[in-house]
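This report concerns only the one structure given below.
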Amino acid sequence: MTPTITAFESSPDGGQGLARDMRVRWAFEEVGQPYDVRLVSFKEMKEPAHRALHPFGQIPTYEEGDLVLFESGAIIFHIAQHHGGLLPDDANARARAITWMFAALNTVEPPIVELEQVPYAEHDKPWYDERLPMIEDRVRVRLTELSSRLGDADWLDGAFSAGDLMMVMVLRRAEGTGLLEEHPNLLAYIARGEARPAYRRAFDAQRAVFTGKSPMRR
Ligand code: GTB
C-alpha cells in the first residue's frame, strides 16, 4: 500500500524545502518507497478531520492502511525500520544512528527554531535586543560542538544514515543566520546531503507544489 503524507498547500517558505514534509520525502526517496501527498491549507490543518490524524493540527502526517503517524522523527524512524538504506544492520551502529536522529531533533533543532521565531514573534518586545544575541549564542555553541564532532568526516557515524538526513535538514533551518558560515565543514556536510539524488528528487517534488507543477496535487 502506498503511504500518504500531508504537506502545506502553500508553504510559507516558498518552496525552499524547509517545512518538515521535506525530510519525510527525502527518507522515502532514499529507500525507494513511492508515496502520495495530500496538500492541506492552514484552515484544514486545524479542522477535526486533520486533528484526528495529528493532535496538534500540523504537517506532516503519515497514513498507511490503519496506521496513522505524526511527528517527522517518528515517521522517518518508521520508514527506516521497514526499508533498507537509512539505518545500518549492525545493532550498535543502528543505535548510534538513531541517537543522531534524536540529537538533531532534541538538541540541535530547538535553539535553531527559537532563533528563527524570535525575530518575528518578539521583535517589538522590550527584551528583544538582549534576547536575540543570547539565542544566537546558544545556536553557535551547538554548531561549534557539532562541527567539532564531525571534523573532516563525510557523515556523523560512518555511512550516511537517517541521523545525517535529520541533521542536514535541521541545519538547513539555520541558513540565512550567518552562523553556519563559521563552520565550513558543516556547510560542506549540508552540501553533501543536498547533492544526494534522493534529496534532489524530494526537493524538486516539494518545490513543484509551490510552482503549481506537482502531479500529486489533490
Ligand atoms: N515536531 C513536529 C514534527 O517534527 O513533525 C513539528 C511539526 C511542525 O512544526 N509542522 C509545521 C506546521 O504544521 C510545519 S513544518 N505548522 C503549522 C502550525 O503549527 O499551525 C515547520 C516549518 C514551517 C514553515 C517553515 N518555513 O516557512 O520556512 C519552516 C518550517
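Note that these values count all heavy atoms, side chains included, but never hydrogens, waters or copies made by symmetry. Note that ligands are numbered from 1 as they come in the structure, with each ligand's atoms numbered from 1 the same way.
In this structure, the separation between CG on Asp21 and CD on Gln58 is 12.5 Å, given to the nearest 0.5 Å.
The shortest side-chain heavy-atom distance between Leu67 and Leu69 falls under the 4.5 Å cut-off. Side-chain contact check for Gln206 versus Phe8: every heavy-atom pair is 4.5 Å or farther apart. Annotation: side chain of Glu114 is in contact with side chain of Arg131 (closest heavy-atom distance under 4.5 Å). Using a 4.5 Å cut-off on side-chain heavy atoms (C-beta onward), Leu132 and Leu115 make contact.
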Extract all N/O-N/O pairs under 3.5 Å that connect ligand 1 to the protein, and present each with both atom names and the distance rounded to 0.1 Å.
residue	atom	partner	partner atom	Å
ligand 1	1 (N)	Glu71	OE1	2.7
ligand 1	1 (N)	Glu71	OE2	3.3
ligand 1	4 (O)	Arg20	NE	3.3
ligand 1	4 (O)	Ser72	N	3.4
ligand 1	4 (O)	Ser72	OG	2.7
ligand 1	5 (O)	Ser72	N	2.8
ligand 1	9 (O)	Arg20	NH1	2.7
ligand 1	10 (N)	Ile59	O	2.8
ligand 1	13 (O)	Ile59	N	2.9
ligand 1	19 (O)	Gln58	NE2	3.0
ligand 1	20 (O)	Lys46	NZ	2.7
ligand 1	27 (O)	Asp13	N	3.1

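Residue pairs meeting the ring pair (Phe, Tyr, Trp, His ring centres under 6.0 Å) criterion with at least one member in residues 167-193, sequence neighbours excluded, are Trp155-Tyr189.
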